[in-house]
Amino acid sequence: MCARYELNEQPRNIAVRFGLDALPPVVNRAIIRPTDQALVVRSGGDAVLCGWGFDVTWDSKPLINGRAETLDQKPTFRPYLENRCVVPATGYFEWRTGERAKHKNFIRPADQATYAMAGLAVNNRFIVLTCAPAPGIAHIHNRMPVILSPDCEPDWLDPGQPFSAVAHHLVAYDRAPMLAEEEQPPVADQGDLFH
DNA sequence: CCAGACGTTGTT
DNA sequence: GTCTGG
DNA sequence: CCAGACGTTGTT
DNA sequence: GTCTGG
């Protein structure tokens with residue numbers, strides 16, 4: 001899940017939305033994929049670019065997600081429970097497995113154009129935390145990124161809070177419905193390829 | 001990053 | 001070769 | 001010692 | 001690569 005997301009918003013608006021001190025650094029593409037540099041916000045309006053995924057020695061692929069339910073039990077994550085961040089996004093992509101094909105969905109909360117995913121950021125890398133899905137999108141996938149309400153973001157980011165005091169934020173988004181737009185199957189417009 | 005897929009209709 | 005998805 | 005896990009996701 | 005369990 002959540003192996004791709006979008007941040008399609010003007011730096012100016014991102015700065016306002018997340019209370020940044022200055023305009024955030026910019027990357028030239030809106031679609032973010034594993035290993036890409038992307039914007040993360042830490043406490044105090046500190047916005048930096050980090051690469052998506054922690055490198056692990058046992059796999060060539062980076063570790064891009066962390067399960068919220070077990071985060072504080074994993075040796076890989078436990079040292080970093082206070083290195084919390086939020087990851088600005090305007091939507092994320094999820095593939096629903098259908099009878100015949102996979103259907104790509106673009107998913108976002110109904111009440112926020114630009115929202116915050118909960119994450120950890122360490123050594124210029126970040127991961128996105130996942131939780132059980134909200135009811136409206138459970139048919140698409142059994143996980144979703146943790147999406148924070150704006151009023152919870154400062155608490156989540158507060159480095160003075162122990163993880164145990166902020167872990168309750170790591171649940172499916174329930175402030176508004178989740179909207180999912182399913183990408184239409186591509187039109188096989190190959191006319192007379194076989195004529 | 002990198003392994004694995006890349007196509008699956010409806011019988012003109 | 002390019003796209004997909006974790 | 002040494003095989004297997006180690007995160008995830010999705011599920012052969 | 002390093003840790004864990006048998």
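Note that the structure is a prediction, hence the values are computed from the model and not measured. Per chain, numbering begins at 1; letters A, B, ... match sequence-line order.
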If the cut-off is 4.0 Å, is T130(A) near the phosphate of dT9(D), judged by side-chain N/O to OP1 or OP2?
yes

Can a side chain N or O of R143(A) be found less than 4.0 Å away from OP1 or OP2 on dT9(D)?
yes

Same cluster or not: L170(A) versus V122(A), using hydrophobic residues (I, L, V, M, F, W, Y) connected whenever any side-chain heavy atoms lie under 4.5 Å apart?
yes

What nucleic acid atoms does K61(A) come within less than 4.0 Å of, heavy atoms only: base, sugar-phosphate, or nothing?
base

D55(A) CG to dC2(B) C1': how many Å, rounded?
13 Å

Is the shortest heavy-atom distance from the side chain of C131(A) to the side chain of M144(A) under 4.5 Å?
yes

Identify whether any heavy atom of R33(A) sits under 4.0 Å from a base atom; if not, whether one sits that close to sugar-phosphate; answer base, sugar-phosphate or nothing.
base

Name the nucleic acid region contacted by G53(A), choosing base, sugar-phosphate or nothing; use a 4.0 angstrom heavy-atom cut-off, strictly under.
nothing

Rounded to whole Å, please give me the gap between CZ in F54(A) and P in dT8(D).
11 Å

Between atom CG in D59(A) and atom P in dA5(D), what is the gap in whole Å?
14 Å

Any stem touching DNA chain B, meaning at least three consecutive Watson-Crick or G-U pairs under 3.5 Å, ordered by first number, would be B:1-6 with C:1-6

When the C1' atoms of dT9(B) and dT2(C) are compared, how many Å lie between them, rounded to an integer?
24 Å

In this structure, how many angstroms lie between the C1' atom of dG7(D) and the OH atom of Y80(A), rounded?
14 Å

Could you give the distance separating dT8(D) and dC2(B) at their C1' atoms, to the nearest angstrom?
16 Å

Using the C1' atom on both, measure dG7(D) against dC1(B) and round to a whole Å.
16 Å

Residues two or more places apart in sequence or in another chain: which of them pass side-chain contact (heavy atoms from CB on, under 4.5 Å) with P150(A)?
R17(A), Q112(A), E153(A)

Specify the separation, in whole Å, of atom CG of D72(A) and atom P of dG7(D).
13 Å

Where does dG7(D) land, syn or anti, once you apply the within-90°-of-0 test for syn?
syn

Provide, to the nearest angstrom, the distance between the CG atom belonging to D36(A) and the P atom belonging to dG6(C).
16 Å

With respect to the side chain of P75(A), which nucleotide from dG7(D), dG6(C), dC2(B) is positioned closest?
dG7(D)

In whole Å, what separates the C1' atom of dC6(D) from that of dC6(B)?
32 Å

In terms of hydrophobic clustering (I, L, V, M, F, W, Y; side-chain heavy atoms under 4.5 Å; direct or indirect links), are V48(A) and V27(A) co-clustered?
yes

Say you pick atom C1' in dC3(C) and the same atom in dT11(D); how far apart are they, in whole Å?
23 Å

Taking 4.0 Å as the cut-off, does a side-chain nitrogen or oxygen of T76(A) come that near to OP1 or OP2 on dG7(D)?
yes

I want to know whether F93(A) and Y5(A) have ring centres closer than 6.0 Å.
no

Do the side chain of R143(A) and the main chain of T130(A) share a donor and acceptor less than 3.5 angstrom apart?
yes

Using whole Å, report how far CD1 of I64(A) lies from P of dC2(B).
15 Å

Report the C-alpha distance between L71(A) and L120(A) in whole Å, list the side-chain angles of each, state the deciding distance to 0.1 Å, and finish with yes or no for side-chain contact (heavy atoms from CB on, under 4.5 Å).
CA-CA 10 Å; L71(A) 200 67; L120(A) 299 180; 4.2 Å; yes

Would you say R84(A)'s side chain and D158(A)'s backbone share a donor-acceptor pair under 3.5 angstrom?
yes

Ignoring hydrogens and angles, state whether a donor on the side chain of Y173(A) or D111(A) is under 3.5 Å from an acceptor on the partner side chain.
yes

From CH2 of W52(A) over to P of dC1(B), roughly how many Å is that when rounded to an integer?
14 Å

Would you say that more than 12 heavy atoms from the other residues, nucleotides or ligands in this model lie under 6.0 Å from the CZ of R12(A), or not?
no

Report each atom pair, protein N/O against N/O of nucleotides 1-3 of chain E, whose distance is under 3.5 angstrom.
| residue | atom | partner | partner atom | Å |
| --- | --- | --- | --- | --- |
| dG1(E) | N3 | T57(A) | OG1 | 3.1 |

